[in-house]
Amino acid sequence: MSRAASLPITVREIAKSYGNVRALDRVDLDVRSGEFLTLLGPSGSGKTTLLMVMAGFVRPDCGSLRFGDDEVIRLAPHKRDVGMVFQNYALFPHMDVAANIAFPLRLRGVPKAEAARRVEQALAMVQLAGYGARRVDQLSGGQRQRVALARAIVFEPRILLMDEPLSALDKQLREHMQIELRRLHEQLGMTTIYVTHDQREALTMSDRVAVIERGRIAQLDAPRRLYERPSSRFVAEFIGESSFLPVARVDGGFAYDGRRLALPDGPAPEGKCLLMLRPERLRVLGAGPPAGMNLLGGTVENVVYQGDTYLLQVRLKDGNAVGARGVSTGTAMAALPPAGADVILGLAPEDTILLPDEGAPP
Ligand code: ADP
Ligand code: MG
């Protein structure tokens, strides 16, 4: 199987309502050719609906969808040249593995010998060479999902859509398959849209992630940017752990607990602001804190051992609670202040991120 020609996808003003539920609220999205883009959002946010609109199984109320230069919104699913993998495999239980994978080729009238050759290639691609004669019910969950994947790529579609394809698998297999899917994407190069509600999976696999909130795209960015520069509290809370502190506006800047904050370059949000704190970005400082850091003073409430990391739960002077996380080496653990002790936490300016306080009155 060769590297496929891939296509960019252009979504414009796509809306879809079910009764008074607005599943998609005028979505705009530009997917680059050959990109691995993930739709990430809570359950019910509209991820599946958007994917089904792209596949052609859901007709939107309005909007435009282009694959390359072609408007496809009125095109039937089988004419869209799209491979699709579902959460529940959706394999045919009465057919063997080879017949399942050959199905889309049969639909397209590919001659038998050619189909058999391509099925073998697809099986090798998903590391199931020699499994063609097995019955689907003789396979494990991970193997079934590989068969579903082989079926989705066997006709060399230029676009691959996957809806939570790994969510039925246990954690270890899921993490293994994440790496496999990435590898396959790098080999085949087709434009891929991947749906998940698992933020770690999204960050691990994607070139870019679109965070979906109630039928709209809240933010579209590369994983690192999304994690380090979320544009809203919703995105910050959905991706990773965080706590938020109200900050005061002082002339030309911001302050917390009476101390002026050193901030990264770039504009600060308008209106009331919150300081976002990620536990692993807070450093527990000893005597003689390093210069240039923002400092937060408080009292240790609890030291929680979590295996690979520890979590220091701290009550700040103004009553807000924050967590500081670090790697649980013996030296780090031994240096931690005990519950009840005073502590100073340090935050580098580049990790001092302000977000608009959407809940606050203007
Ligand atoms: P997600 O995949 O992010 O969990 P969905 O796209 O499945 O979200 O659903 C978005 C919203 O649309 C939800 O409120 C859901 O209940 C509603 N919805 C989806 N499909 C249908 C349908 N066929 N009929 C009625 N409501 C639907
Ligand atoms: Mg869904």
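FYI, side chains are in, hydrogens and waters are out, and symmetry mates aren't considered; it's all heavy atoms of this structure. Counting starts at 1 for both ligands and their atoms, in listed order. These figures come from a predicted structure and were not determined experimentally.
Per-residue contacts place V21 under 4.0 angstrom from the following atoms of ligand 1 (heavy atoms of the residue considered): 12 (O), 14 (O). Applying the 4.0 Å criterion to heavy atoms of S45 picks out, from ligand 1, the atoms 1 (P), 3 (O), 8 (O). If you number the atoms of ligand 1 from 1 as listed, the ones under 4.0 Å from a heavy atom of S43 come out as 4 (O).
Taking a 6.0 Å sphere around CZ of R117, one finds it holds more than 12 heavy atoms contributed by other residues, nucleotides or ligands. Within 6.0 Å of atom CZ in R22, 12 or fewer heavy atoms from other residues, nucleotides or ligands are found, so the atom counts as exposed in its surroundings. A 6.0 Å sphere centred on CZ of R260 holds more than 12 heavy atoms belonging to other residues, nucleotides or ligands.
Applying the side-chain contact (heavy atoms from CB on, under 4.5 Å) test between L263 and each of L275, T352, I353 identifies T352 as the sole match. A salt bridge (Lys or Arg N to Asp or Glu O under 4.0 Å) with D351 is found for one member of R229, R278, R281, R283 and no other, namely R281. A side-chain contact (heavy atoms from CB on, under 4.5 Å) with E175 is found for one member of M177, K171, Q172 and no other, namely K171.
One option in L39, L40, T48 has a heavy atom closer to atom 2 (O) of ligand 1 than any other, and that option is T48. Comparing heavy-atom distances from atom 3 (O) of ligand 1 across K16, R22, K47 singles out K47 as nearest.
The presence of a protein heavy atom under 4.0 Å from atom 13 (C) of ligand 1 is confirmed. Closer than 4.0 Å to atom 16 (O) of ligand 1 lies none of the heavy atoms of the protein.
The cationic atom of R233 (NZ for Lys, CZ for Arg) does not lie both less than 6.0 Å from the six-membered ring centre of F238 and within 45° of the ring axis. Cation-pi geometry between R325 and Y310 is not met at under 6.0 angstrom from the ring centre and within 45 degrees of the axis.
Judged by the shortest distance from any of its heavy atoms, P42 lies inside the 4.0 Å radius around the atoms of ligand 1. The shortest separation from a heavy atom of G41 to ligand 1 is not under 4.0 Å, leaving the residue out of contact.
Using bins of under 30°, 30° to 60° and over 60° for the plane-to-plane angle, the ring pair Y194/F36 lands in the tilted bin.
Protein heavy atom closest to atom 27 (C) of ligand 1, with residue, atom name and distance, is Y18 CD1, 3.2 Å. For atom 5 (P) of ligand 1, the closest non-hydrogen atom of the protein is T49 OG1, 3.6 Å. In terms of protein heavy-atom proximity, atom 11 (C) of ligand 1 is closest to G44 O, 3.7 Å.
Proximity of M84 to P77: side-chain heavy atoms (C-beta onward) are nowhere separated by under 4.5 Å.
Residue contacts with ligand 1: G46 is placed with a nitrogen or oxygen under 3.5 Å of a nitrogen or oxygen of the ligand (distance criterion only). Every N/O-N/O distance between A23 and ligand 1 stays at or above 3.5 Å.
When distances to the Mg ion (ligand 2) are checked against a cut-off of 2.8 Å, T49 contributes no N, O or S atom below that limit.
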